[in-house]
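The model shown is predicted, which means the values in this text are computed figures rather than measured ones. All heavy atoms count here, side chains included; hydrogens, waters and symmetry mates do not.
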Amino acid sequence: MQTRYVLRGKLMEKLREALVAVLPIIIIVLILCFSIAPISTSILLCFLIGAVLLILGMMFFTLGAELAMTPMGEKVGTCMTKSKKLLVVISLSFLLGFIITVSEPDLQVLAGQVPSVPNAVLIAAVACGVGLFLVLALLRMLFRIPLTPLLLLFYLVAFLLTPFVPDTFLSVAFDSGGVTTGPMTVPFIMALGVGVAAIRNDRQAANDSFGLVALCSIGPILSVLILGMIYHPTESSYVPPVIPAVEDSVELWALFHSGFPTYIAEIATSLFPIVLFFGIFQIAVLKLQKRTLTKMIIGLAYTYIGLVLFMTGVNVGFMPAGNYLGQMLGSSGHPWILIPIAMIMGFFIVKAEPAVYVLNKQVEEITDGAISAGAMGTCLSLGVAISLGIAMLRVLTGISVMWFLIPGYAFALGISFFVPKLYTAIAFDSGGVASGPMTAAFLLPLAQGACGAVGGSIVKDAFGIVAMVAMTPLITIQLLGLLSQRHKADSRDRHAPQTAGFTSDALSAAEDNMIIEL
């Protein structure tokens, strides 16, 4: 009975968080609909119903991730490291990376948009890329290899490959790095890092638990670039979302009713490999107590329900509304208004990404509040707002995405040598986390609709928005790190006479516990 009350209280807490995250974007869309971008009643109703499903989905998913996905990842990571067998760590890491990536719903959406490459081939290549780089990420933790040189090396390789890949494929390749680190992948991979770090006793272990998502985001980029060199795609297979036109409430219900079976089956297929892997691991190695196992099963059920509601609401309600809204704004007499509107949307919409909540919470817990969830959220929102403004500028002008990605990554990698290592790892993790299903299913259709209205190339100009969203947090979070470093230096100068009697370890510990808030 007590457990039931605790779960009910947790659900109400998650509902409040979901409402705070989603209500701003609903208000923005409603203001646009009743002013400069009128839309049909049927699209508006679909959007509102989708918003309700989105809120409920976030409520269930965030609680499910907390109860199941995070503990599962931590326990698997701890057991792998305890085995002290390098071959076991390598083989299980690759298998986990492959399974989780195939399970990622966003990857299925991207695969259907990629020209000239069979879906199964793309998914397998991306999954292999994530698997290989998850192995590399865990080995980096075990052997204490610095993260920054690895990031510099692999991003340099990626950019050196771009001249050999068709222009129509570059945006998709860099988008793939963002969509593969979504709501299914992030909770498990981040928890896996925490589990591996728990075995290490050194002071840097917790810091090194970040960076897994960062490296796993590079693997898909490299694998899709190589696919582009092999397949030489020359044409687009982009199919715009169907704009709903319903006559009455029965047809409106039928629209969502027909969508539910699709996502019930899709999410079940996505979760099954993870559940199977953990089940085998439980029988063979973990042997968890019945109470702990029951809690995880309940968490998996919440995760499943949450993702079904979320994906149905986003794809059936949000995607057509985003596309149509983009068409209206792009065909208006002042298409440049897309830039400030997209920036405002980007600032708020990142808060509705399920994986962002997981990252912010884990950062706050692992750093004992030294990096607050509020500071993380603000930096992510600013980064995504900037990226959306640049993305809409590309839609209106046709500027290649590489003119922004190359200097952006160069700056992010350059300042990483002057930023505390923890902030660099968190920043590069944040890039993959920020570009989730809300970006793919609302912001990307918004850009596609606007691009079609202004007569641009959808594959070259609209695609790439996920890549932009994944890049800008690398800069804003690291700038937060520089601000933190300066704040600590100023604090040392002010309190130097009072700390003369402290040991260096005590002073360092005091500094580590400072709370950085924006």
Side-chain angles (χ1 to χ4, degrees), residues 21-39 43 47 51 54 171 174-175 178-179 240-241 314 318-353 356 377-401 403-405 408 431 434-473 475-476:
V22 178
L23 277 178
I25 195 66
I26 296 174
I27 293 169
I28 292 168
V29 171
L30 288 176
I31 291 172
L32 290 172
C33 291
F34 291 114
S35 56
I36 61 173
I39 64 175
I43 296 175
F47 173 79
L54 181 69
S171 296
F174 280 90
D175 279 352
V179 299
V314 163
F318 268 57
M319 186 180 286
N323 188 280
Y324 192 76
L325 201 58
Q327 291 179 36
M328 292 295 99
L329 292 170
S331 59
S332 67
H334 305 282
W336 289 94
I337 200 172
L338 273 165
I339 295 174
I341 288 173
M343 291 182 72
I344 295 169
M345 284 186 176
F347 185 88
F348 290 105
I349 207 167
V350 70
K351 299 177 187 295
E353 292 286 6
V356 166
T378 302
C379 285
L380 283 173
S381 292
L382 288 171
V384 173
I386 294 167
S387 67
L388 262 294
I390 297 172
M392 291 306 162
L393 178 66
R394 288 186 56 241
V395 165
L396 296 172
T397 60
I399 301 173
S400 170
V401 70
W403 285 102
F404 298 101
L405 291 182
S435 49
M438 284 298 289
T439 303
F442 185 77
L443 297 178
L444 181 56
L446 181 77
Q448 289 168 343
C451 192
V454 299
S457 169
I458 289 176
V459 172
K460 291 170 65 176
D461 301 334
F463 280 95
I465 191 171
V466 179
M468 293 299 303
V469 169
M471 181 192 71
T472 44
I475 298 171
T476 54

Notebook entry, point to check: If every non-hydrogen atom of Val469 is compared with every non-hydrogen atom of Ala434, which pair is closest and at what distance?
Noted result: CG1-O, 3.8 Å

Margin query: Could you measure the distance from the OG atom of Ser400 to the CG atom of Leu405? Nearest 0.5 Å is fine.
Written below: 8.0 Å

Could you give the side-chain donor-acceptor pairs of residues 336-347 under 3.5 Å, partners two or more places apart or in another chain?
none

Next item on the list: Kindly compute the distance separating CD1 (Ile36) from NE2 (His334), expressed to the nearest 0.5 Å.
Entry: 9.5 Å

Check: At their closest point, which heavy atom of Ala453 faces which heavy atom of Ser331, and how far apart are they?
Finding: CB-N, 3.8 Å

Note to self: Return the CZ to CD1 distance between Phe348 and Ile27, rounded to the nearest 0.5 Å.
What the structure shows: 8.5 Å

Next item on the list: Show your working on side chain to side chain contact (heavy atoms under 4.5 Å, CB included) between Val401 and Phe174 and close with a plain yes or no.
Entry: CA-CA 10 Å; Val401 70; Phe174 280 90; 5.8 Å; no

Check: Roughly how far, to the nearest 0.5 Å, is the CG atom of Leu30 from the CG atom of Leu23?
Finding: 10.0 Å

Check: Which residue, Ile349, Val350, Val356, Ile386, forms the side-chain contact (heavy atoms from CB on, under 4.5 Å) with Ser381?
Finding: Val350

Margin query: According to ring pair (Phe, Tyr, Trp, His ring centres under 6.0 Å), who are the partners of Tyr324, at least two apart in sequence or on a separate chain?
Written below: none

Next item on the list: Specify the closest pair of heavy atoms between Pro473 and Leu380, including all atoms of both residues, with the distance to one decimal.
Entry: CB-CD2, 3.6 Å

Note to self: Do Phe442 and Val29 make a side-chain contact, defined as non-hydrogen atoms from C-beta onward lying under 4.5 Å apart?
What the structure shows: yes

Margin query: I need the Ile465 CD1 to Ser387 OG distance, nearest 0.5 Å.
Written below: 7.5 Å

Note to self: Between Asn323 and Leu446 (side chain of the first, backbone of the second, donor and acceptor by atom type, cut-off under 3.5 Å), is there such a pair?
What the structure shows: no

Notebook entry, point to check: What pair of heavy atoms forms the shortest contact from Leu325 to Ala37, and how long is it?
Noted result: CD1-CB, 3.7 Å

Note to self: Testing the basics here: between Phe463 and Leu444, what is the closest heavy-atom pair and its distance to 0.1 Å?
What the structure shows: CE2-CD2, 4.1 Å

Next item on the list: Please report the shortest heavy-atom distance between Ile399 and Arg394, naming the atom on each side.
Entry: O-NE, 3.1 Å

Next item on the list: Starting at CD1 of Ile458, measure out to SG of Cys451 and round the result to the nearest 0.5 Å.
Entry: 5.5 Å

Margin query: Going by side-chain hydrogen bond (donor to acceptor under 3.5 Å, both in side chains), name the pairs with one or both residues in residues 453-462, residues two or more places apart or in two chains.
Written below: none

